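Written below as structure tokens is the structure these notes are about.
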Amino acid sequence: MKSIVFFNNKGGVGKTTFAYHIGFALEQMGKRVLFVDADPQCNLSSHLCDDEIISKEWGINGNSIYKAVEPIVLGSGDINFVEPYRVPGRNIWVFVGDLLLSDFEMELTSAWTQLLAGMERGFRITSAIYRVIMNFCRKQNIDYVFIDIGPNMGALNRAILLGCDNYFIPVVPDMFSLRGMQNIGRAFASWIINFQNSLIRAKIMEFDCIMGVPKFSGYVLQQFNKYRKKETKAFKNWSNQIPQIINEYIVGPLTENELEKYDLVQDLDDYKFAEFKNYNSLIPLAQDAQKPIFELTSKDGVIGGHISYVRDCKKEFEDISHRFIELI
């Protein structure tokens, strides 16, 4: 099993949409996929489930991701090993998100202090969501886990990112998206070094503990426009700057000093993993149908020129999925 996060400190870069589509594309190739919505905004859950399902998972007997950590928040015990919702007819499962997950962030903040002191409780709480994921993945032989998180550097995202195997950075070619990358490498380097030093001081722990060695595996260029198969001028101006930003602010901090031994950076030409073009009006159609764009049909409102876009998207994600499997 491999766990993957798409992350940028800037919102609106299409991380949820891309994770959703590559997950479905991999499932079409015969893989077993688990989605985890660890973003209190719950956008991924809305992609996958209707309101009735989400409401049920939030209920007293529900299995949202918050329900898994609720005993920790309430001070009544350790995690609940809840079962995720299975998408009907698919080898796709989802731990539905929950707005109350923000309450768990406060627990994670104090747990980090305990973790830095080498205390087992700090490691247990920081690894809580990871332990829930691992428990289910073993039972269902999951191939890939895609974890959706919000665009911030808070305690919840720190715990998720330190527990993942690989992370990608989605980028929209504009000034704000590029700016959002400039503190990622520095923050990650600090987290990793502090975690690894604390792990050395801690005693052997007999539970699934995060390893704290996420691997940067490239960036995804999203929402770019093309005219006659060439990027439009405005987008090209910003996209040309991305490799330098990646090198300076992501790769640089992650390959300095003792971090070199963790082999954090995947060997890619200019670190670009994939491109995901702007499908404009097809995205809301896909959200309404709770399908990826490449599975839309005329019954979902696809007509005229949109039909060729659906075919393009299918071919695009077939190629991306093969590249993803080779890389990961």
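Residue indices begin at 1 and follow the sequence shown. Hydrogens, waters and symmetry mates are skipped; everything else that's a heavy atom, side chains included, is used. Note that the coordinates shown come from a computational prediction; the quantities given were computed from them, not determined experimentally.
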Return yes if a side-chain donor-acceptor contact under 3.5 Å exists between Ser198 and Arg201, otherwise no. yes
Counting neighbours of CD1 on Ile303 that are heavy atoms of other residues, nucleotides or ligands and sit closer than 6.0 Å, is the number greater than 12? no
Exam field: side chain Asn197 to backbone Ile193, donor-acceptor pair closer than 3.5 Å: yes
Just say parallel, tilted or perpendicular for the rings of Phe136 and Phe95, cut-offs at 30° and 60°. perpendicular
Which pair of non-hydrogen atoms, one from Val96 and one from Trp58, has the smallest distance, and what is that distance? CG1-NE1, 4.2 Å
When rounded to the nearest 0.5 angstrom, what distance separates CG in Asn157 from CG in Asn152? 4.5 Å
Heavy-atom neighbours of Met211 CE exceed 12 at 6.0 Å: no
Should the heavy atoms of other residues, nucleotides or ligands under 6.0 Å from CD of Glu318 be counted, would the total exceed 12? yes
Answer yes or no: does atom CZ of Arg323 have more than 12 heavy-atom neighbours from other residues, nucleotides or ligands under 6.0 Å? yes
So Phe317 and Phe18, would you call those rings parallel, tilted or perpendicular, with 30° and 60° as cut-offs? tilted
Inter-residue atom distance Lys67.NZ - Leu101.CG, 0.5 Å rounding: 12.5 Å
List the atom of Gly30, the atom of Asp143, and the distance in Å for their closest heavy-atom pair. O-OD2, 4.4 Å
Between Ser3 and Asp165 (side chain of the first, backbone of the second, donor and acceptor by atom type, cut-off under 3.5 Å), is there such a pair? yes
Mind telling me whether Phe6 and Phe146 have parallel, tilted or perpendicular rings, with 30° and 60° as the class edges? parallel
Exercise: identify the closest heavy-atom pair between Cys42 and Gly97: SG-C, 3.5 Å
Would you say the side chain of Gln241 lies within less than 4.5 Å of the side chain of Asn237, judging by non-hydrogen atoms? yes
Looking only at non-hydrogen atoms, find the nearest pair between Asp208 and Tyr130 and report the distance. O-CD2, 3.6 Å
Would you say CG of Asp50 has more than 12 non-hydrogen atoms from neighbouring residues, nucleotides or ligands within 6.0 angstrom? yes
Within the distance-only criterion (no hydrogens, no angle test), does the side chain of Thr109 pair as donor or acceptor with the backbone N or O of Glu105 below 3.5 angstrom? yes
Side-chain heavy atoms of Met29 within contact of His322, under 4.5 Å: yes
Can you confirm whether Leu48 sits close enough to Tyr85 that some side-chain heavy atom of one is under 4.5 Å from a side-chain heavy atom of the other? no
Can the ring centroids of Phe188 and Tyr167 be said to lie less than 6.0 angstrom from one another? yes
Does this structure show an ion pair linking Asp174 with Lys10, if we count only N-O contacts that are shorter than 4.0 Å? no
On a heavy-atom basis, the closest approach of Ala25 and Ser321 is CB-OG, 3.1 Å
NZ/Lys291: more than 12 non-hydrogen atoms of other groups inside 6.0 Å: yes
Leu285 vs Asp300 side-chain heavy atoms within contact, under 4.5 Å: no
Nearest 0.5 Å please: distance from the SG atom of Cys137 over to the CZ atom of Arg32. 10.5 Å
Contact check, side chains of Glu316 and His21, non-hydrogen atoms, under 4.5 Å: no
Counting only heavy atoms from other residues, nucleotides and ligands, does the tally under 6.0 Å from CZ of Phe176 exceed 12? no
Co-membership, hydrophobic cluster, residues Ile129 and Met106, 4.5 Å side-chain: no
Look at the side chain of Asp37 and the backbone N and O of Ser45, then say whether any donor-acceptor pair between them is shorter than 3.5 Å. yes
Rounded at 0.5 Å granularity, tell me how far CD1 in Ile149 sits from SG in Cys164. 7.5 Å
Step by step, work out the side chain to side chain contact (heavy atoms under 4.5 Å, CB included) result for Asp39 and Lys15. CA-CA 11 Å; Asp39 182 354; Lys15 61 179 178 56; 3.8 Å; yes
Are Met175 and Ile250 connected into the same hydrophobic cluster when the rule is that any two of I, L, V, M, F, W, Y join if their side-chain heavy atoms are below 4.5 Å apart? yes
Is Thr255 reaching over with its side chain to a backbone N or O of Gly252, donor-acceptor style, under 3.5 angstrom? yes
Ion pair check, Arg86 and Glu83, cut-off under 4.0 Å: no
If two hydrophobic side chains count as joined below 4.5 Å and joins carry through other members, does Met119 share a cluster with Ile210? no
More than 12 heavy atoms from other groups under 6.0 Å of NZ on Lys139: yes
Taking all non-hydrogen atoms of both residues, which atom of Ile160 and which atom of Val5 are closest, and how far apart? CG2-CG2, 3.9 Å
A side-chain contact here means heavy atoms from C-beta on lying under 4.5 Å apart; do Tyr66 and Val73 qualify? yes
Take Met153 and Trp191 through the side chain to side chain contact (heavy atoms under 4.5 Å, CB included) test and state the conclusion after the steps. CA-CA 11 Å; Met153 309 294 285; Trp191 292 347; 3.9 Å; yes
Short side-chain to backbone donor-acceptor contact, Glu27 and Ile22, under 3.5 Å: no
Would a 4.5 Å heavy-atom cut-off, applied to side chains only, mark Tyr249 and Arg179 as touching? no
Donor-acceptor contact present, side-chain Glu57 to main-chain Gly62, <3.5 Å: no
Parallel, tilted or perpendicular, judged at 30° and 60°: which one describes the rings of Phe195 and Phe123? perpendicular
Any chance you could measure Ile4, atom CD1, to Tyr144, atom OH, to the nearest 0.5 Å? 7.0 Å
Report the C-alpha separation of Asn43 and Thr16 in whole Å, then their side-chain angles, then the decisive distance to 0.1 Å, and conclude whether the side chain to side chain donor-acceptor pair (under 3.5 Å) test is met. CA-CA 7 Å; Asn43 291 326; Thr16 303; 5.0 Å; no
Check: Gln114 side chain, Arg121 main-chain N or O, donor-acceptor pair, under 3.5 Å: no
What I'd like to find out is whether the side chain of Leu26 reaches to under 4.5 Å of the side chain of Ile325, using heavy atoms alone. yes
Begin with the C-alpha distance, continue with both residues' side-chain angles, and end with the deciding distance and a verdict on side chain to side chain contact (heavy atoms under 4.5 Å, CB included) for Ile147 and Ile133. CA-CA 10 Å; Ile147 310 174; Ile133 292 171; 3.8 Å; yes
Val33 and Ile142: CA distance, side-chain angles, deciding distance, side chain to side chain contact (heavy atoms under 4.5 Å, CB included) verdict: CA-CA 6 Å; Val33 175; Ile142 298 297; 5.9 Å; no
Any chance you could measure Glu275, atom CD, to Asp319, atom CG, to the nearest 0.5 Å? 12.0 Å
